[in-house]
A.B. asks: 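After the structure tokens below, expect a handful of questions from me.
For the numbers below, each heavy atom of this structure counts, side chains included, while hydrogens, waters and symmetry mates do not. Proteins get letters first, then strands, A, B, ... in listed order; numbering begins at 1 in each.
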Amino acid sequence: MRLSSYYLPTLREEPSEREIPSLRLLLKAGYIRRIAAGVYTFLPLGFSVYKKIENIVREEMNRAGGIEILMPALNPSELWEESGRWTNFGPELFKLKDRTGRDFCLAPTHEEVSVEIVRRTVKSYRQLPLLIYHIQTKFRDEPRPRGGLIRAKEFVMKDLYSFDRDDKGLDESFEKIKIAYERILQRLKLPYLVLEAEAGAIGGKYTLEFTVPTPSGEDEVILCENCGYASAKSIARIGERDTQEEDISEDTNLKKVHTPNLTTVAEVASFLGIEPKKLVKTLLYLLDGKPIAALIRGDRELSESKLALAIGAKEIRMADEETILRLTNAPMGFSGPVNLKEEVTIVADKEVAGMKGFVTGANEKDYHFLGVVPGRDFKISLVADIRVAQMGDPCPQCGEDLMEIRGIEVGHIFKLGTEYSEKMQAYFQDEDGSLKPFVMGCYGLGVSRLVSAIAEVHHDEDGLCWPPCVAPFDIILILVNSQDEEQRRVAEDIYARLSDRMSVLYDDREESPGVKFKDADLIGIPLQIVVGRKVKDGIVELRLRKNHQTEDVPIEEVEERTFAVWEKIKAE
RNA sequence: CGGGGCGUGGCUCAGAGGUCAAGAGCGCCUGGUUCGGGACCAGGAGGUCGGAGGUUCAAAUCCUCUCGCCCCGACCA
């Protein structure tokens, strides 16, 4: 491709959206352009990278036994009502009406359509397992798009849906796709973590998240560097550690103190002149409608997900003011475990169970208790790991200190079981003649998001630096002085010779050398050939974008040498 | 949805009642010079200052409303 007749709008100045490196560089290097918040156009170079990623994903899905179809972006409301997600999915679901007033949504994911297709066409266990996938533009009405392609309102996703006879089949399908994902991320030269995660709006019993660690990511990850334990922060488990000295207070005489209008941990602590960790906060929740008091140290954060998990509840929501008043006889801010109504189940965080002589609300307006001791002053119904893990907490597997890092979630896979197939009445006939619901799994991978993830990992101060397998071109051929007849002749010649076996971007523009070198580094094509002043000695330069390593190559050996180097860097 | 910020040629920004019947740098067009790390000279095109109301003799500038965008948070594959 001749750059003089190509379409590459690079920016000389830094774009105004420059918070995260990948977005800044993708905009500056002319890969993408923003059309609206969370909506982007792929320009030629960006589209090229996108297509290469898409193809790698496709190859690995096919290798894992997936069969590609294409489902519609526009979905009728009926299917979503069957699954219950027309309302449950929440405001993120893009809804619209056609001219006759019929309801549709722009699909954010395709469980409904895939079940609809399979239930109409698959009737026998003999047709299972079935792994269908598609790569499609999907939509989510994000409250706040960010990071360019990372969290967009419109994005491209690969979703695979597995249909099996039973749990064993599901386990096998799940494992196949998990391996495929690891292969994809390895091929894309992305470091990644496989996390225990939450199911969110998709549902399901068991899920794994594939996350690329990077400081600009928005996913919060808890990691153990010692044993490799990794989890989404919201559900990360915390290991055992002996009760600290500091958690046991000398003064264990139960005493009521006047704390007028002090409702927050910070206020009470500063009023009493003690540290927030000497307090225990009592958070009232309704889990599947049943009242629960969750006890947690004053300076810690409760994980609603872990609490729900510990109780085995499906639905969790904070108790409203009225309920709190009814259960504790006091307004919000003065709740405590002592003298709570019978009907309230007291769940204490592991850490709290070891504490003694702490401060809690007194279940009476404007009063707190000092010197509270569990067992003596109130009864704990359940001790559980319910707080949000943070840096320094012990690893649940090996006990070492946990780390907190950030990452970009690029994939998420779920064991759905029969949730959708039962709701949508999707049955097949098994070997024994009985009708059974399909056992399903679903496996998402953010294809457009991967473009950003790779850019986020593979760049330097000069610009992007693509791994060869996804680079928009294999090599950029730079004609330094377009006025110099000899240089031009040599460049044209090399362009013709290389183009048979490689994709070559030939910078034949009448630009000054500085512009060409800067652009070449910025757009990040892995190999560069510089046809410049050494031509008169019969030499051109072959350079690596990655480390700017340069070698002089005699013109007649360019092909041979270039192919050799190309093969080498591809194999790295 | 809460908090903060910003909308001025294609891009990055300055201008904060009159001296702006609107500026700079970069980009773009014409001519010339230059040619190994975002060149130089000369000339030129390009803007209803996001939109709508209002205040004023006078509004890019002040007020009200509105739309859009960015950041932090809440939320979330």
A.B. asks: Using Watson-Crick or G-U wobble geometry with both distances below 3.5 Å, tell me the partner of B/G73, or none.
C.D. replies: B/C1
A.B. asks: Without decimals, in angstroms, what is the distance between A/Leu8 CG and B/G38 C1'?
C.D. replies: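 A/Leu8 atom CG is separated from B/G38 atom C1' by 14 Å.
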A.B. asks: Can you tell me, in whole Å, how much space there is between the P of B/G51 and that of B/A22?
C.D. replies: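 These two P atoms come out 15 Å apart once rounded.
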A.B. asks: Mind calculating the distance between CD (A/Glu13) and P (B/C28) to the nearest angstrom?
C.D. replies: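 Distance check: A/Glu13 CD to B/C28 P gives 13 Å.
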A.B. asks: Between B/C41 and B/G54, how many Å separate the two P atoms, rounded to a whole number?
C.D. replies: 48 Å
A.B. asks: Using atom C1' of each nucleotide, how far apart are B/A45 and B/G31 to the nearest Å?
C.D. replies: 15 Å
A.B. asks: In whole Å, measure the gap between the P atoms of B/G5 and B/C62 for me.
C.D. replies: 14 Å
A.B. asks: Under a plain distance cut-off of 3.5 Å, with no hydrogens placed, do A/Glu456 and A/Ser452 share a side-chain donor-acceptor pair?
C.D. replies: no
A.B. asks: A/Phe94: which residues meet the ring pair (Phe, Tyr, Trp, His ring centres under 6.0 Å) condition with it, sequence neighbours left out?
C.D. replies: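 For A/Phe94 there are no ring pair (Phe, Tyr, Trp, His ring centres under 6.0 Å) partners, ignoring immediate neighbours.
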A.B. asks: Measure from NZ on A/Lys516 to C1' on B/A39 and round the result to the nearest Å.
C.D. replies: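 Rounding to the nearest Å, NZ of A/Lys516 and C1' of B/A39 are 14 Å apart.
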A.B. asks: With both distances under 3.5 Å as the test, what is the Watson-Crick or G-U wobble partner of B/C6?
C.D. replies: B/G68
A.B. asks: Between A/Asn55 and A/Arg58, do the side chains contain an N or O donor and an N or O acceptor separated by less than 3.5 Å?
C.D. replies: yes
A.B. asks: Tell me if the centroids of the rings in A/Tyr181 and A/Tyr192 come within less than 6.0 Å of each other.
C.D. replies: no
A.B. asks: Nearest whole Å is fine: how far is B/A39 P from A/Gln483 CD?
C.D. replies: 15 Å
A.B. asks: Look through every strand shown and name the nucleotide pairing with B/G46 as Watson-Crick or G-U wobble, where both distances are under 3.5 Å.
C.D. replies: none
A.B. asks: With a 4.0 Å cut-off on heavy atoms, is A/Asp519 in touch with a base, just the backbone sugar-phosphate, or nothing at all?
C.D. replies: base
A.B. asks: Could you let me know what B/U55 is paired to, Watson-Crick or G-U wobble, both distances under 3.5 Å, or none if it's on its own?
C.D. replies: none
A.B. asks: Of A/Gly514 and A/Leu149, whose nearest nucleotide on RNA chain B comes first from the 5' end?
C.D. replies: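 The answer here is A/Gly514.
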A.B. asks: At under 4.0 Å between heavy atoms, what does A/Glu541 touch on the DNA or RNA strands: base, sugar-phosphate, or nothing?
C.D. replies: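 The residue A/Glu541 makes base contact.
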A.B. asks: Just jot down the salt bridge (Lys or Arg N to Asp or Glu O under 4.0 Å) partners of A/Arg151, sequence neighbours excluded, or say none.
C.D. replies: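 Salt bridge (Lys or Arg N to Asp or Glu O under 4.0 Å) check on A/Arg151 returns A/Glu142, A/Glu218.
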A.B. asks: Using atom CG of A/Leu11 as one end and atom C1' of B/C28 as the other, report the distance to the nearest whole Å.
C.D. replies: 14 Å
A.B. asks: Is NZ or CZ of A/Lys95 both nearer than 6.0 Å to the six-membered ring centre of A/Trp86 and within 45° of the ring axis?
C.D. replies: yes
A.B. asks: Take atom CD1 of A/Ile150 and atom C1' of B/C76, then tell me their distance rounded to the nearest Å.
C.D. replies: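 My rounded result for the distance is 15 Å.
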A.B. asks: Under a 3.5 Å cut-off for both distances, is B/U33 Watson-Crick or wobble paired, and to whom?
C.D. replies: B/A39
A.B. asks: Without decimals, in angstroms, what is the distance between A/Asp552 CG and B/G36 C1'?
C.D. replies: 13 Å
A.B. asks: When the C1' atoms of B/G9 and B/G4 are considered, how many whole Å apart are they?
C.D. replies: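 Rounded to whole Å, the distance is 29 Å.
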A.B. asks: Examine B/C26: is either OP1 or OP2 under 4.0 Å from a nitrogen or oxygen in the side chain of A/Arg12? Give yes or no.
C.D. replies: no
A.B. asks: Return the residues of residues 522-532 of chain A meeting this criterion: a heavy atom under 4.0 Å from some atom of RNA chain B. Order them by number, or give none.
C.D. replies: A/Leu522, A/Val530, A/Gly532
A.B. asks: Looking at residues at least two apart in the chain, or sitting in another chain, which of them share a side-chain contact (heavy atoms from CB on, under 4.5 Å) with A/Lys281?
C.D. replies: A/Val265, A/Ile296
A.B. asks: Decide yes or no for A/Ile235 and A/Leu309: does some side-chain heavy atom of the first lie under 4.5 Å from some side-chain heavy atom of the second?
C.D. replies: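 When only atoms from C-beta onward are counted, A/Leu309 and A/Ile235 do not touch, as no gap falls below 4.5 Å.
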A.B. asks: With A/Ser512, which residues qualify under side chain to side chain donor-acceptor pair (under 3.5 Å), at least two apart?
C.D. replies: none
A.B. asks: List, with names and distances, any nitrogen or oxygen atoms from the protein found under 3.5 Å away from nitrogen or oxygen atoms belonging to nucleotides 30-33 of chain B.
C.D. replies:
none

A.B. asks: Nearest whole Å is fine: how far is B/G10 P from A/Arg33 CZ?
C.D. replies: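 It is 13 Å, rounded to the nearest whole Å.
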A.B. asks: What pairs with A/Asp462 under salt bridge (Lys or Arg N to Asp or Glu O under 4.0 Å), at least two apart in sequence or on another chain?
C.D. replies: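 So A/Asp462 forms no salt bridge (Lys or Arg N to Asp or Glu O under 4.0 Å) with any residue.
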A.B. asks: A/Asp507: which residues meet the salt bridge (Lys or Arg N to Asp or Glu O under 4.0 Å) condition with it, sequence neighbours left out?
C.D. replies: A/Arg509
A.B. asks: Could you run through nucleotides 68-75 of chain B and give me one letter per nucleotide, 5' to 3': B if any protein heavy atom sits under 4.0 Å from the base, S if only the sugar-phosphate is that close, - if neither?
C.D. replies: -SSSBBBB
A.B. asks: Can you tell me the base-pairing partner of B/C11? Count Watson-Crick or G-U wobble geometry only, both distances below 3.5 Å, and say none if there is no partner.
C.D. replies: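 Check on B/C11: paired to B/G25, both distances under 3.5 Å.
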A.B. asks: With sequence neighbours excluded, what pairs up with A/Arg33 under the salt bridge (Lys or Arg N to Asp or Glu O under 4.0 Å) test?
C.D. replies: none
A.B. asks: Taking the same atom, P, in B/U64 and in B/C71, what whole-Å distance lies between them?
C.D. replies: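 To the nearest whole Å, 26 Å.
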A.B. asks: Provide the full list of ring-ring contact (aromatic ring centres under 6.0 Å, His included) pairs with a residue in residues 504-531 of chain A, sequence neighbours left out, each pair given once.
C.D. replies: A/Tyr495-A/Tyr506
A.B. asks: Heavy-atom nearest nucleotide on RNA chain B for A/Asp521 versus A/Gly411: which residue maps closer to 5'?
C.D. replies: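 Its nucleotide being nearer the 5' end, the pick is A/Asp521.
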A.B. asks: Any donor-acceptor pair under 3.5 Å between the side chain of A/Glu511 and the base of B/G37?
C.D. replies: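 No, the side chain and the base share no sub-3.5 Å donor-acceptor pair.
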A.B. asks: Taking the P atom of each, how far is B/G17 from B/C26, in whole Å?
C.D. replies: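 Looking at atom P only, B/G17 and B/C26 are 29 Å apart.
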A.B. asks: Could you tell me how far B/C49 sits from B/G15 if I compare only their C1' atoms? Round to whole Å.
C.D. replies: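 Each nucleotide's C1' atom is 10 Å from the other's.
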A.B. asks: Paired with B/U61 by Watson-Crick or G-U wobble geometry, both distances under 3.5 Å: which nucleotide is it?
C.D. replies: none
A.B. asks: In the structure shown, which nucleotide is the Watson-Crick or G-U wobble counterpart of B/U19, with both distances under 3.5 Å?
C.D. replies: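 Partner of B/U19: none.
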A.B. asks: Name every donor-acceptor pair, under 3.5 Å, that has one atom in a side chain of residues 522-535 of chain A and the other anywhere in the protein, sequence neighbours excluded.
C.D. replies:
from, atom 1, to, atom 2, distance (Å)
A/Gln528, NE2, A/Asp521, OD1, 2.9
A/Lys534, NZ, A/Glu541, OE2, 2.7
A/Lys534, NZ, A/Asp552, OD1, 3.1

